[in-house]
Each structure stands twice: as C-alpha cells, then as structure tokens.
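Let me begin by presenting the structure, written as structure tokens, before commenting on it.
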2 protein chains.
Amino acid sequence: MKTISIGEAAAALRIPESTLRYYEKQGLLPLIERDGAGRRLFSEHQMELLETILRLKHTHMPIQDIRQYIAWVIEGESTTELRLEMMTRHKQTVLNEMAVMEEALRGIDIKINRYTERLRKKTEQGKEENL
Amino acid sequence: MKTISIGEAAAALRIPESTLRYYEKQGLLPLIERDGAGRRLFSEHQMELLETILRLKHTHMPIQDIRQYIAWVIEGESTTELRLEMMTRHKQTVLNEMAVMEEALRGIDIKINRYTERLRKKTEQGKEENL
DNA sequence: CATTGACTTAAACCAGGGTTTAAGTCGTAT
DNA sequence: ATACGACTTAAACCCTGGTTTAAGTCAATG
C-alpha cells in the first residue's frame with residue numbers, strides 16, 4: 001500500500017502538520033500506521049477519510065461529533081444507520097446555518113445599497129457644483 | 001425617547017444579557033445611555049444597531065472588525081466610503097464561505113445517498129429471505 | 001562522520017467569544 | 001421595613017480549536 005508522510009499529507013490538504021497531529025490526538029485519525037522510526041504513514045484510504053473530516057469541519061461540525069462519526073466508520077457497516085442519521089441531521093443543521101447567513105446577507109446588502117446610493121448622490125452634488 | 005432595559009433587549013434579541021454586557025465592554029455599543037441608577041437604557045436606535053451587529057456576527061465577522069464598523073457609524077457620513085468598502089469585502093468573504101459549505105455539503109450528500117442505498121439493499125435482502 | 005531536514009513527543013501557550021461568580025445597589029410590592 | 005427581582009461591576013473562569021516550543025530521533029548527503 002502506497003503511503004505518504006505527514007508533510008506530504010499536510011501539503012496535499014493545505015493544512016499545517018500540527019493540525020494533523022492534533023486531529024490524531026483528538027481521535028479523528030485512529031488508524032494511522034507508523035514506519036519503523038515512528039513516523040506516521042498516510043494511506044490513500046486515510047486521505048479519503050481526512051477529506052471527509054475536512055468536509056465536516058468546513059460545515060462546522062464539532063470535533064466531538066466527528067470523533068463519533070469516525071468511530072462508527074471504523075466499527076463497520078453495522079453502524080450505517082447511525083451514520084446516516086447523523087449525516088442527515090448534520091445536513092439540516094448546515095442548511096439552517098446557511099439560511100441564517102443568507103438572511104443576514106440580505107440585511108448587509110441593504111446597507112451596501114444605501115451606502116452606494118449615498119455616495120452616488122454626493123458625486124451628483126459635486127457635478128452640480130461644477131455647472 | 002422610549003427605551004428598554006437590558007433584560008428586555010436581551011429577550012427581544014434572544015441572546016443572554018451577559019452577551020450584551022460583553023459587547024458593550026468590547027466597544028460594540030458605545031452610545032448606551034444609563035438611567036439615574038446606572039442601568040443601561042436601550043433605545044430603538046440602539047436596537048437597530050444591535051440587529052446590524054447580530055447580522056455581522058451571523059456572518060462570522062470578528063468582533064474587532066465589528067468594532068471598527070461601529071466606530072465608523074458613530075463617526076458619521078464622512079465614513080460612508082470606508083463602510084461601503086468593508087461591507088463589500090465582507091459580503092465577498094461570506095459568499096466564499098458559503099461556497100465552501102455548499103461544496104462540502106455535496107460530499108456529505110454523497111455519503112447520505114450511499115448509506116441510504118446500503119440500508120435499502122439490506123432491507124431488500126431481508127425481503128428475499130422471507131420468500 | 002557530521003550535518004541537515006523531516007520527523008517525533010509532551011506540554012505550554014494562544015485567541016476568540018463568551019459565561020459565571022461574588023458582592024453590592026435599587027425600586028417596588030407586601 | 002423587608003424581601004424580591006432586576007439590575008450593576010470586576011474578575012475569574014471556560015470551551016473550542018488549534019499553534020508553538022523544547023528536546024530529541026533518524027535517514028540521507030557531503
């Protein structure tokens with residue numbers, strides 16, 4: 001099985017090595033192998049799992065929940081239903097969060113329009129003064 | 001001018017009073033009045049400003065930046081251009097963040113579909129066994 | 001064979017964003 | 001008058017999610 005070092009994994013994922021070590025300590029990477037010298041070896045499978053972890057992070061899932069999810073993945077297919085339930089719930093949480101953001105963004109857009117308009121008027125006024 | 005207490009303001013905004021005190025200490029509410037006994041009085045104007053602050057928080061703007069924004073609001077119309085620039089930048093940041101979330105959500109959806117399919121197959125298998 | 005670069009660990013440190021606590025002051029209802 | 005609820009403060013505390021530091025190991029290179 002082809003494996004890569006922590007430095008290569010970090011570069012591939014564009015995150016610091018320290019974060020990968022931290023994630024392992026937090027139980028998010030429970031099946032990382034080591035070489036004879038104790039160095040971590042990231043397999044293709046690990047990298048895929050890490051991409052999933054990053055997706056969950058990008059959608060603001062707490063580390064505690066990600067740890068539970070990973071534990072279920074490792075436990076095997078008997079946990080499919082639990083994982084499905086968790087992901088479905090999480091999806092809804094994310095959709096809610098995005099709805100909140102969109103709503104806030106509408107208010108921000110109103111401000112942008114107001115400021116834009118205000119500046120436009122000031123510019124117009126400047127023109128008039130030059131008539 | 002009609003004003004409300006911190007308790008009423010907190011209830012209206014559905015956030016703890018402690019958060020409002022914290023925001024004031026952080027310089028987000030620089031023009032809160034007090035009554036004779038030193039109690040905060042929230043005016044309608046304050047509440048509107050607070051709603052703006054909450055919109056910025058909902059879109060993950062750091063307190064430091066919100067403080068700057070509020071300072072510009074108080075400074076007056078001479079800062080319109082700065083505010084416009086800040087809000088425009090912020091909007092783009094939020095859109096980027098939402099795009100990251102959406103992309104991650106697509107990966108999560110794939111998992112949901114896989115798990116759903118896996119469970120469906122198990123159910124089918126169960127049916128066959130009952131033939 | 002010494003140096004360099006990539007790696008290891010445990011532990012300390014940090015930032016952001018609040019929340020909680022302790023001790024005290026009012027206004028009002030009984 | 002006293003007790004209650006809503007308020008005040010400063011300071012301490014907390015959690016999350018990392019990052020940094022110090023001291024050391026190992027493999028390959030000059």
*Given B:R40 and B:E24, is the salt bridge (charged side-chain N to carboxylate O under 4.0 Å, His left out) satisfied, shown in steps?*
CA-CA 10 Å; B:R40 291 167 186 82; B:E24 190 187 25; 2.6 Å; yes
*Could you tell me the separation between the CE atom of B:M61 and the P atom of C:dG16, rounded to a whole number of Å?*
15 Å
_If the condition is side-chain contact (heavy atoms from CB on, under 4.5 Å), which residues does A:A37 pass it with, not counting sequence neighbours?_
A:D35, A:R39
*Using the salt bridge (Lys or Arg N to Asp or Glu O under 4.0 Å) rule, pick out the option among A:K122, A:R118, A:K121 that qualifies with B:E77.*
A:R118
*Where is the tightest heavy-atom contact between B:H58 and A:A104, given as atom of each residue plus distance?*
CB-CB, 4.0 Å
*Who pairs with A:L13 by side-chain contact (heavy atoms from CB on, under 4.5 Å), at least two apart in sequence or on another chain?*
A:I15, A:L20, A:M47, A:L50, A:E51, A:L54
*Heavy-atom neighbours of B:H45 NE2 exceed 12 at 6.0 Å*: no
*asked:* Whole angstroms only, please: what is the CD-P distance between B:Q26 and D:dA10?
replied: 13 Å
Give me the distances for all protein-to-nucleotides 3-9 of chain C N/O pairs that come in under 3.5 Å?
from  : atom 1 : to    : atom 2 : distance (Å)
C:dC7 : OP1    : A:S5  : OG     : 2.6
C:dC7 : OP1    : A:G7  : N      : 3.4
C:dC7 : OP2    : A:E17 : OE2    : 3.3
C:dT8 : OP1    : A:R40 : N      : 2.7
C:dT8 : OP1    : A:R40 : NH1    : 2.9
C:dT8 : OP2    : A:R21 : NE     : 3.1
C:dT8 : OP2    : A:R21 : NH2    : 2.9
C:dT8 : OP2    : A:R40 : NH1    : 3.1
C:dT8 : O5'    : A:R40 : NH1    : 3.4
C:dT9 : OP1    : A:R34 : NH1    : 3.1
C:dT9 : OP1    : A:R34 : NH2    : 3.2
C:dT9 : OP2    : A:R40 : NH1    : 3.1
C:dT9 : OP2    : A:R40 : NH2    : 2.6

_Residue pairs passing the salt bridge (Lys or Arg N to Asp or Glu O under 4.0 Å) test where at least one lies in residues 91-103 of chain A, sequence neighbours excluded_ = A:K91-B:D109, A:E103-A:R106
*With sequence neighbours excluded, residues passing side-chain hydrogen bond (donor to acceptor under 3.5 Å, both in side chains) with A:Q64*: none
*Rounded to the nearest angstrom, tell me the gap between atom CG in B:D65 and atom P in C:dG16.*
11 Å
*Roughly how many Å is it from CD1 in A:I66 to C1' in D:dT16, rounded to a whole number?*
12 Å
*Calculate the interatomic distance between B:L20 atom CG and D:dC7 atom C1'; express it in whole Å.*
13 Å
*Write down the distance between CZ (B:F42) and P (D:dA6), rounded to a whole number of angstrom.*
16 Å
*Atom CD1 of A:I15 to atom C1' of D:dG17: distance rounded to whole Å?*
13 Å
Identify each atom pair where a protein N or O and an N or O of nucleotides 18-20 of chain D are less than 3.5 Å apart, giving names and distance.
from   : atom 1 : to    : atom 2 : distance (Å)
D:dG18 : OP2    : A:Y23 : OH     : 3.2
D:dG18 : OP2    : A:K57 : NZ     : 3.0
D:dT19 : OP2    : A:S18 : OG     : 3.4
D:dT19 : OP2    : A:T19 : OG1    : 2.4

*Just one of A:H90, A:M87, A:M86 clears the side-chain contact (heavy atoms from CB on, under 4.5 Å) bar with B:I112, so which one?*
A:M87
*Between C:dG18 atom P and B:Q64 atom CD, what is the distance in whole Å?*
14 Å
